Protein chains: 2
Amino acid sequence: MATGRTHRPATRSRGIPEATVARLPLYLRALTALSERSVPTVSSEELAAAAGVNSAKLRKDFSYLGSYGTRGVGYDVEYLVYQISRELGLTQDWPVVIVGIGNLGAALANYGGFASRGFRVAALIDADPAMAGKPVAGMPVQHTDELEKIIEENGVSIGVIATPAGAAQQVSERLIAAGVTSILNFAPTVLQVPEGVDVRKVDLSIELQILAFHEQRKAGDAEAAAAALLPPAARRAAEAAANRKGPDGDVPAVMPA
Amino acid sequence: MATGRTHRPATRSRGIPEATVARLPLYLRALTALSERSVPTVSSEELAAAAGVNSAKLRKDFSYLGSYGTRGVGYDVEYLVYQISRELGLTQDWPVVIVGIGNLGAALANYGGFASRGFRVAALIDADPAMAGKPVAGMPVQHTDELEKIIEENGVSIGVIATPAGAAQQVSERLIAAGVTSILNFAPTVLQVPEGVDVRKVDLSIELQILAFHEQRKAGDAEAAAAALLPPAARRAAEAAANRKGPDGDVPAVMPA
DNA sequence: ATGTGTGAAACGCTTCACAGCA
DNA sequence: TGCTGTGAAGCGTTTCACACAT
């Protein structure tokens, strides 16, 4: 997870558990693929495999939306696509602004997955005057001065922050003051926001660090197993790890007092 | 959260709960900032605020690492930085490859947060022959043909996939066959990987959809409250939402059979 | 016969509240 | 006195297993 909500007690939103909400987009994507192949129905087993979850979880998830399946048959693909889209609020148009048009901001602006899901990039905003007017993803970058005007005129309630860490808090405050109530934050900072504003964060470095933790554990296991003369499948990883560490790889950089 | 592990039962890894592991990078970042300001110690309360969690959770998290605090005083910043770094495996060097050097891949290549955390971009790989040799983030892009050689020569165990969805599964298979055991996947697909391989996914579109769900709920609440003549704080959002929807905003695009 | 829908059990995570150490 | 460390309670999520509809 690269991610997490802020505020609001972990109580259910509209009766649907948060964990289920987080999986709905996954189901939707799998269903859309089936729909494009004109598959009329799916079983929970098939759909679960396509979405990368187990079928019991999927059935439980769908049970929160209502009884949309047919026993002995499965789920109607088109109908489910509609129901989930509706539940997620994707049947309406969501204008979003992207603030910070560096490498990442540009990547986001060019990302096709937004438009196809009801999201419309209403504006690209950057603090650098030299960027103003430059076309990115076929759209002129606008200066931060215009931020409030853009948000109010377009009824924007979702903002994406792709600025450097140092600018993120201030940007979020301006977004919120102008009316934004949901923020997707790519800057590596914890945003301080008032009650009622949702923040989700995506942090590339954090994801890698979590992988490193598990990777390290694998290497440790492999080393231990190798030492016990029980060569495991992950042998290669252990060897690579050993090579990387070097002779003093484990010496602490800082010693406790 | 934008994210999730694959395989391996949700049992604890090395005694540390998965939820705790996911927060360690957050604490580390906050601690690093304190360290740079030469702050010698922090209380759980202060550090929790900086990391955006509550203090009970933080103390519980740290208790899994050992008793590194001093009662009545707090935690030694430098010592904690070292212990968490060590726990996460960041005291060693992790070479990573980035596959798919489009907008997003380039953004990742340029992202500074990697190098400072023990991650080293060993190679940038792209399938487009026209990209080969082009410098991105001061590093020449290499062709996919070289993938296996690069991974083996550099002892790479972590791969980042930033290709289009259609290429991701095949890329992951080649990465894994060559020795990669952890993958950070930015492509909007569910990767099918063998036991023992960790996958974390970051999906921009999914994060936005989760925000949209909550945003929709807020708008609904605000409308209801407004109808009940109890003007709420989020009034603006409701009005904006109403504007967006238009006269037939709620008519289903697909009707059930 | 097949596959959904769902109570109930199991599990993991969070929060509480306070004992215990500096 | 102040703040950590931690059992125990509380919650939300996952998994099980089977009744029930088709």
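Just so you know, these numbers come straight off a predicted model, no measurement behind them. By convention in this document, chain letters (A, B, ...) are assigned in the order of the sequence lines, proteins followed by strands, and residues within each chain are numbered from 1.
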Side chain to side chain donor-acceptor pair (under 3.5 Å), that's the test. Do A:E215 and B:T181 meet it? Break it down for me. CA-CA 7 Å; A:E215 197 57 41; B:T181 46; 2.4 Å; yes
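Within 4.0 Å (heavy atoms only), B:Y75 reaches sugar-phosphate atoms of the nucleic acid but no base atom.
One can place CG of B:L65 at 12 Å from P of D:dT6, the figure rounded to the nearest angstrom. Distance A:I16 CD1 to D:dT13 P: 12 Å, rounded to the nearest Å. In this structure, A:K60 places its NZ atom 16 Å from C1' of C:dG3, rounding to the nearest Å. One atom, CZ of A:F62, and another, P of C:dG5, lie 9 Å apart when rounded to the nearest Å. To the nearest angstrom, C1' of C:dT4 lies 12 Å from CG of A:L80. Taking atom CG on B:L58 and atom C1' on C:dC16, their separation rounds to 16 Å, with Å as the unit. Taking atom CG of B:D76 as the reference point, atom P of C:dA22 lies 16 Å away to the nearest angstrom. Between the OH atom of B:Y64 and the C1' atom of D:dT4 there is a distance of 15 Å, given to the nearest Å.
Of the listed nucleotides (D:dG5, D:dT13, C:dT6), D:dG5 has the atom at the smallest distance from the side chain of B:S67. For A:A56, whose side chain is taken as the heavy atoms from C-beta onward, the closest listed nucleotide among D:dC16, C:dC13, C:dA17 is D:dC16.
No more than 12 heavy atoms of other residues, nucleotides or ligands lie within 6.0 Å of CD in B:Q192, so this atom counts as exposed by the packing criterion.
Put simply, the side chain of A:S172 reaches to within 4.5 Å of the side chain of A:I161, judged on heavy atoms. Residues A:W94 and A:R117 fail the side-chain proximity criterion, which asks for heavy atoms closer than 4.5 Å.
With sequence neighbours excluded, no residue forms a salt bridge (Lys or Arg N to Asp or Glu O under 4.0 Å) with B:R59.
Non-hydrogen atoms lying under 4.0 Å from DNA chain D are contributed by A:N54, all within residues 39-54 of chain A.
At a cut-off of 3.5 Å, with distance as the only test, no side-chain donor of A:E87 or A:Q83 sits close to an acceptor on the other residue.
Taking 4.0 angstrom as the limit, B:K57 places a side-chain polar atom (N or O) nearer than this to OP1 or OP2 of C:dT15. Put simply, B:R23 has a side-chain N or O that comes within less than 4.0 Å of OP1 or OP2 on C:dT14.
If you find the closest nucleotide of DNA chain C to A:S63 and to A:V73, the one lying nearer the 5' end belongs to A:V73. Across the interface with DNA chain D, nearest-nucleotide mapping of A:D61 and B:T70 shows B:T70 to be the residue nearer the 5′ end.
A donor N or O paired with an acceptor N or O is found under 3.5 Å between the base of D:dT4 and the side-chain atoms of B:R71.
For the ring pair (Phe, Tyr, Trp, His ring centres under 6.0 Å) criterion with A:F62, the lone passing option out of A:Y68, A:Y27, A:Y79 is A:Y27.
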